[in-house]
Amino acid sequence: MESATLTRTSPGTIRLARLRSGRPAGWAPIGLAVMCVAALIGYFAFPTYPTYDSFYALLWGRDLLHFHLPDFRVYRGPTEHPLAIAFGMLCSLFGQGGARLMVLGSIGSFVAVVAGLYRLGRMCFGPLVGVLAGLLVLSRFFFENLAAQGYLDVSYVALIVWAIVLEVQRPRRGAPVLLLLAAAGLLRPDAWLLSGAYWLWCTHGTRVRSAASTALGASPAPRARRTSLGYLALAASAPLIWVLLDTVVTGKPLYSLNSTAGLAHALGRSQGLSGVVSSMATFAVRIDKLPVVLGGLAGVALAIWLAPKRVGPPLAALLLLLAVFVAEGIAGASVIDRYMLGASTVLLLFCAVSLGGWAMLERGSVRRWGWMLAAAALLAYGVSSAATTVNLTSLRNTLAYHEDFHKGLASALATPAVKTALRRCPLLSLPNNKLIPDARWILDSVGQRNIVARSQARADLARRAHGLENRIRRGSVAVYPLGAAVFFEAIVDVGDDPRDQVPLAGFKQIYTSRYYAIYANC
């Protein structure tokens with residue numbers, strides 16, 4: 001890869017520096033190896049299981065593996081993600097261990113995000129900025145918590161970051177970048193806008209080169225047109241695959257978009273323009289913390305001032321990710337913090353510029369010393385803020401509860417009394433939708449007919465539909481969370497009806513533990 005220097009001098013004297021070199025510094029591979037080992041240690045130290053969306057990806061992948069069409073129309077089911085379902089199919093080959101493999105994939109994606117942001121910072125703004133960008137990702141416990149619970153968003157961010165890296169390495173690179181964006185678009189529709197914008201960017205470059213060739217007397221380039229059409233096919237591949245999957249499974253090409261908006265409205269996650277903009281600021285602070293957000297905003301201006309030719313791809317990605325977050329929110333999609341993860345990650349790069357961009361200035365200059373003092377103040381602000389807000393005990397407890405609740409449910413469903421009851425009356429009822437994918441995975445259930453939510457039965461009663469309620473009363477096994485599980489939102493939601501936590505008349509207790517009681521009327 002060619003060397004590059006910063007030559008912009010009008011704002012102040014900038015030290016000539018090799019911002020990009022053919023290979024990384026000698027310690028970079030060592031740092032990557034240490035990070036991989038630490039990730040594996042964390043993986044085995046906190047044996048967590050996938051979260052709701054990821055469990056459904058596993059289940060739908062297992063359905064396909066057994067030549068069953070997955071059922072996307074489940075009660076309060078998540079949006080399907082084609083690439084996650086494909087990975088879930090692969091993981092389900094390993095039986096019950098597939099759930100842990102899904103988490104390992106997410107942790108591996110987190111490592112890829114750290115490595116990618118380091119590489120991006122190093123190429124754009126120098127080695128120090130690259131190191132700081134990687135360290136900032138490592139210090140985001142919100143991000144690490146998502147990775148430890150197998151959230152799909154982590155893999156999505158990794159693909160976006162590396163797409164930016166490839167574009168910075170060689171502008172208008174084309175197919176490799178579009179392939180990564182297409183993969184990201186099979187995890188979240190947000191990447192469709194990035195793919196479309198990148199296709200326009202590449203097409204503009206092709207037209208400029210074609211016009212230049214024509215001006216020099218060369219014939220118009222049909223090859224350029226073919227290349228542009230090939231790029232368009234790659235950019236459109238993710239939404240087309242998504243629509244095709246929806247059509248085959250549900251018969252409705254736009255099922256994902258419509259069901260997502262409907263569920264967001266039902267759960268109170270949809271907002272208007274003012275609410276989306278307000279949430280954008282709130283979520284940015286929640287993910288990155290206020291000192292980092294302020295440093296990131298300052299870093300955008302500093303990066304444009306110092307390296308306008310380098311700042312283009314990451315800045316464009318940041319603006320597009322923010323724009324799609326606002327657009328989706330206005331369109332009625334869910335407005336939740338995880339959907340800001342991509343933009344918040346790119347913002348870390350610009351915060352790293354605020355902290356380490358002084359290294360690009362001339363040694364001994366007043367601007368360099370002033371910048372170093374300001375960076376030290378920002379760092380001190382960040383450290384003091386973290387010391388008063390970060391609660392590692394809470395993070396450990398969250399991961400421990402996540403593991404305990406899943407293993408506790410597995411143990412409960414595996415006891416002889418419960419297994420006998422399920423053979424007599426195979427209908428299993430749970431308080432709401434949140435434990436359904438866990439129970440399906442544990443019981444190795446293809447389809448969901450015999451695993452239901454009592455909250456759904458109560459909602460049906462409000463519409464004068466008694467079918468599900470009658471099925472539960474005629475003969476079923478009912479799981480009731482106890483203790484910490486009652487107050488832990490992953491098991492019992494604050495919006496649940498308390499009556500769904502009260503055993504029905506005629507049901508007798510057949511099992512109890514720290515987290516669960518199980519009743520049956522068989």
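The basis for the numbers below is simple: all heavy atoms, side chains too, and nothing from hydrogens, waters or symmetry mates.
Considering only heavy atoms from C-beta on, Trp192 comes within 4.5 Å of Trp242 through its side chain. By the 4.5 Å heavy-atom criterion applied to side chains, Leu59 and Trp441 are counted as neighbours. Taking 4.5 Å as the limit, some side-chain heavy atom of His406 sits within range of a side-chain heavy atom of Ile442. Ser256 places none of its side-chain heavy atoms less than 4.5 Å from the side chain of His81. Between Val276 and Met280, the closest side-chain pair of non-hydrogen atoms is not below 4.5 Å. Taking the side chain as every heavy atom from C-beta outward, Val129 and Cys124 never approach each other to under 4.5 Å. Within the 4.5 Å cutoff, the side chain of Trp60 has no heavy atoms near those of the Val249 side chain. With contacts defined as side-chain heavy-atom distances shorter than 4.5 Å, the pair Leu347/Val292 does not qualify.
Cation-pi contact between Arg286 and Phe142: absent, since separation from the ring centre below 6.0 Å together with deviation from the ring axis within 45° is not met. Cation-pi contact between Arg440 and Tyr56: absent, since separation from the ring centre below 6.0 Å together with deviation from the ring axis within 45° is not met. Within the cation-pi definition used here (under 6.0 Å to the ring centroid, within 45° of the axis), Arg140 does not qualify as a partner of Phe110.
The closest donor-acceptor contact from the side chain of Ser411 to the backbone of Gly408 lies at 3.5 Å or more, if one exists at all.
The structure places CG of Leu159 at 7.0 Å from OG of Ser109, a figure rounded to the nearest 0.5 Å. Leu179 contributes atom CG, which lies 7.5 Å from atom OG of Ser237 (distance to the nearest 0.5 angstrom). Rounding to the nearest 0.5 Å places CG of Leu136 at 8.5 Å from CG of Asp288. The OH atom of Tyr339 sits 8.0 Å away from the CD atom of Glu328 when rounded to the nearest 0.5 Å. Rounding to the nearest 0.5 Å gives a distance of 8.5 Å between CG of Asp153 and OG of Ser106. To the nearest 0.5 angstrom, Leu321 atom CG is 9.0 Å from Thr345 atom OG1.
With hydrogens and angles left out, the side-chain atoms of Asp500 and Ser455 include no donor and acceptor closer than 3.5 Å.
In terms of heavy atoms, Thr250 sits closest to Arg73 at O-NH2, 2.5 Å. Closest non-hydrogen pair, Val114 versus Gly134, comes out as CG1-O, 3.7 Å. Between Val131 and Tyr118, the shortest heavy-atom distance links the atoms N-CD1, 3.6 Å. When all heavy atoms of Val103 and Pro50 are compared, the pair lying nearest together is CG2-N, 3.7 Å. Pro47 and Lys407 make their closest contact through CG-NZ, 4.2 Å (heavy atoms, listed as atom of the first residue, atom of the second, distance). Between Val285 and Leu290, the closest heavy-atom pair is CG1-N, 3.9 Å.
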Give the intermediate values and the outcome of side-chain contact (heavy atoms from CB on, under 4.5 Å) for residues Leu244 and Leu240. CA-CA 6 Å; Leu244 179 62; Leu240 288 176; over 6 Å; no

Apply side-chain contact (heavy atoms from CB on, under 4.5 Å) to the pair Tyr75 and Val452, showing each step before the final yes or no. CA-CA 8 Å; Tyr75 173 62; Val452 300; over 6 Å; no

Before giving the answer on side-chain contact (heavy atoms from CB on, under 4.5 Å), spell out for Tyr52 and Ile436 the whole-Å C-alpha distance, their side-chain angles and the decisive distance to 0.1 Å. CA-CA 9 Å; Tyr52 190 73; Ile436 287 178; 5.7 Å; no

Show your working on side-chain contact (heavy atoms from CB on, under 4.5 Å) between Asp246 and Phe72 and close with a plain yes or no. CA-CA 9 Å; Asp246 276 349; Phe72 295 159; 4.2 Å; yes

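Only one option out of Leu319, Leu120, Ile164, Leu341 pairs with Val346 in a side-chain contact (heavy atoms from CB on, under 4.5 Å); it is Ile164.
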